[in-house]
Amino acid sequence: MSSMDNYPDTQFYGDAESYWKEIPATVDGMLGGYSKVDKVDIKGSKKFLQEFISGPNAKTKTRRAVDCGAGIGRVSHGLLCPLFSRVDLVEVCQKFLDQAKTYLGSSAKKVDRYICCGLQDFTPDPGRYDVIWVQWVLGHLTHKDLVAFFQRCRAGLAENGIVVVKENVADDSCSDGVIFDQSDSSVTRSHRYLKQIIEESGMRIVKEESQKDLPKELFKVQMMVLQ
């Protein structure tokens with residue numbers, strides 16, 4: 001990440017926390033002003049996940065999921081709580097977790113844990129989760145912390161559990177495989193670079209496809225199932 005060579009990890013994470021503290025605890029805030037993509041995003045995620053958790057060939061159970069980078073619980077509300085018996089939320093910004101308890105409404109009864117923690121510091125309990133859902137947040141982790149995060153996630157999976165990554169990806173032709181956004185202290189990695197990190201962590205991609213029907217001006221969004 002040459003664009004971050006002189007950007008210390010502490011500043012990278014600190015600047016991101018400062019940015020999110022100023023963002024309103026709303027769906028529009030979570031989606032950077034694009035609340036209109038909420039329904040199409042959730043619909044695409046549900047379709048992508050379905051074969052793993054339902055039907056005759058389903059191997060992954062629906063006992064417990066975790067929403068990593070949960071914000072106010074948008075994904076938990078629309079996707080995870082309707083499908084899983086129990087859900088945990090992990091989010092670095094306490095005000096978002098506080099709002100989640102209201103935003104989730106009746107779904108909040110399915111939540112076991114509201115964990116205020118950055119993903120660079122989050123360690124799932126061994127074998128706890130059938131699905132670890134990680135969406136639009138990996139750009140806030142450095143390369144080495146992302147590798148380590150995936151390794152901890154692997155240990156946190158129950159038998160036949162999966163990690164689902166849903167993330168913006170830059171074009172593979174971008175310089176150094178990464179685009180650094182100083183405004184929110186995040187990076188957008190190329191598709192190739194993200195796959196390289198996954199391989200480095202010892203995980204493998206078992207399914208992959210692009211999210212359809214997003215506004216053309218946005219980054220391409222890739223969905224991946226890892227084991």
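Throughout, residue positions are numbered sequentially from 1 according to the sequence presented. Note that this is a predicted model, so its numbers are computed, not measured.
- Phe84 and Trp133 fall within the same hydrophobic cluster, where Ile, Leu, Val, Met, Phe, Trp and Tyr residues are linked whenever their side-chain heavy atoms come under 4.5 Å apart, directly or through other members.
- Val92 places a side-chain heavy atom less than 4.5 Å from the side chain of Glu17.
- Atom CG of residue Leu194 and atom CG of residue Leu138 lie 7.0 Å apart, to the nearest 0.5 angstrom.
- In this structure, the side chains of Phe48 and Val164 come closer than 4.5 Å at one or more pairs of heavy atoms.
- Of all heavy-atom pairs spanning Lys166 and Ser45, the tightest one is NZ-OG, 2.7 Å.
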For a side-chain hydrogen bond (donor to acceptor under 3.5 Å, both in side chains) check, start with the C-alpha distance between Trp20 and Glu22, then their side-chain angles and the critical distance, and finish with the verdict. CA-CA 5 Å; Trp20 285 106; Glu22 300 302 316; over 6 Å; no
Taking it one step at a time, do Phe12 and Ser186 satisfy side-chain contact (heavy atoms from CB on, under 4.5 Å)? CA-CA 8 Å; Phe12 180 66; Ser186 72; 5.5 Å; no
Pair Val187, Thr142 - check side-chain contact (heavy atoms from CB on, under 4.5 Å), show working. CA-CA 8 Å; Val187 297; Thr142 64; over 6 Å; no
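- Although no hydrogens or angles enter the test, the distance criterion places no donor-acceptor pair under 3.5 Å between the side chain of Lys220 and the main chain of Asp171.
- Rounding to the nearest 0.5 Å gives a distance of 11.0 Å between OG1 of Thr188 and CZ of Phe180.
- Note on ring orientation: taking the six-membered ring where Trp is involved, the planes of His77 and Tyr103 are tilted (angle from 30° to 60°).
- Rounding to the nearest 0.5 angstrom, the gap separating the CG atom in Leu79 from the CG atom in Leu49 is 6.0 Å.
- The line from CG of Asp15 to OG of Ser183 is 10.5 Å long, rounded to the nearest 0.5 Å.
- Residues Arg152 and Leu119 approach most closely at NH2-O, 2.9 Å, considering heavy atoms.
- The cluster map of Ile, Leu, Val, Met, Phe, Trp and Tyr, joined by side-chain heavy atoms under 4.5 Å apart, puts Val134 and Tyr193 in the same cluster.
- Side-chain atoms of Gln211 come within 3.5 Å of backbone N or O of Val40 as a donor-acceptor pair.
- You'll find the side chain of Val66 reaches within 4.5 Å of the side chain of Val90, heavy atoms only.
- Of all non-hydrogen atoms in Glu200 and His143, the two that sit nearest each other are OE1-NE2, 3.0 Å.
- Residues Phe219 and Leu214 do not share a hydrophobic cluster, defined by chaining ILVMFWY side chains whose heavy atoms lie under 4.5 Å apart.
- With contacts defined as side-chain heavy-atom distances shorter than 4.5 Å, the pair Ile115/Glu91 does not qualify.
- Checked by atom type and distance alone, the side chain of Asp176 never pairs as donor or acceptor with a backbone atom of Val178 at under 3.5 Å.
- Side-chain heavy atoms closer than 4.5 Å link hydrophobic residues (I, L, V, M, F, W, Y) into clusters, and following such links, possibly through other members, connects Ile42 to Val131.
- For the atom pair CG (Asn168) and OG (Ser190), the distance works out to 13.0 Å, reported to the nearest 0.5 Å.
- Val27 and Ile72 get closest at one heavy-atom pair: N-CD1, 3.7 Å.
- Partner Asp130 forms a side-chain hydrogen bond (donor to acceptor under 3.5 Å, both in side chains) with one of Lys59, Lys61, Arg63 and no other, that one being Arg63.
- With respect to the salt-bridge test (charged N to carboxylate O, under 4.0 angstrom), the residues Arg113 and Asp125 qualify.
- Each of His140, Gln151, Arg189, Gln120 was compared with Leu146 under the side chain to side chain contact (heavy atoms under 4.5 Å, CB included) criterion, and only Arg189 meets it.
- Using a 4.5 Å cut-off on side-chain heavy atoms (C-beta onward), Asp88 and Val111 make no contact.
- Put simply, the side chain of Asp172 gets close to the backbone of Arg192: a donor and an acceptor are under 3.5 Å apart.
- A pairwise comparison of heavy atoms in Ile132 and Cys153 identifies CD1-O, 3.5 Å as the closest pair.
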Evaluation steps, side-chain hydrogen bond (donor to acceptor under 3.5 Å, both in side chains), between Glu208 and Gln222: CA-CA 7 Å; Glu208 179 176 13; Gln222 203 70 4; 3.1 Å; yes
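- Contact check on Arg74 versus Asp41 returns a salt bridge, with a Lys/Arg side-chain nitrogen under 4.0 Å from an Asp/Glu carboxylate oxygen.
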Assess whether side-chain hydrogen bond (donor to acceptor under 3.5 Å, both in side chains) is satisfied between Ser76 and Asp67, documenting all intermediate values. CA-CA 6 Å; Ser76 289; Asp67 184 356; 2.8 Å; yes
Run Tyr34 and Glu217 through side-chain hydrogen bond (donor to acceptor under 3.5 Å, both in side chains) and show every step you take. CA-CA 11 Å; Tyr34 279 86; Glu217 67 269 21; 2.8 Å; yes
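- Looking only at distances, no side-chain donor or acceptor of Ser185 sits under 3.5 Å from a matching main-chain atom of Gln182.
- In this structure the side chain of Lys36 reaches within 4.5 angstrom of the side chain of Pro215, judged on heavy atoms.
- Among all heavy-atom pairs drawn from Ile205 and Lys195, the shortest one is CD1-CG, 3.7 Å.
- Within 6.0 Å of the CD atom in Glu199, the count of heavy atoms belonging to other residues, nucleotides or ligands does not exceed 12.
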Step by step, would you call Arg128 with Arg64 a side-chain contact (heavy atoms from CB on, under 4.5 Å)? CA-CA 7 Å; Arg128 181 173 173 85; Arg64 191 182 301 276; 3.0 Å; yes
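- Lys43 NZ: 12 or fewer foreign heavy atoms inside a 6.0 Å radius.
- In this structure, Ile53 and Leu83 have side chains that are in contact, with non-hydrogen atoms separated by less than 4.5 Å.
- Figure legend: cation-pi geometry between Lys101 and Tyr114, with NZ or CZ positioned under 6.0 Å from the six-membered ring centre and within 45° of its axis.
- Checked by atom type and distance alone, the side chain of Thr60 pairs as donor or acceptor with a backbone atom of Asn160 at under 3.5 Å.
- Hydrophobic clustering keeps Met223 apart from Val163 (ILVMFWY residues linked when any side-chain heavy atoms are closer than 4.5 Å, directly or through intermediates).
- Taking 4.5 Å as the limit, some side-chain heavy atom of Phe150 sits within range of a side-chain heavy atom of Leu226.
- Taking CD of Gln99 as the reference point, atom CE of Met30 lies at 9.0 Å (rounded to 0.5 Å).
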side-chain contact (heavy atoms from CB on, under 4.5 Å) between Ile198 and Arg204, intermediate numbers included: CA-CA 7 Å; Ile198 291 165; Arg204 63 188 179 93; over 6 Å; no
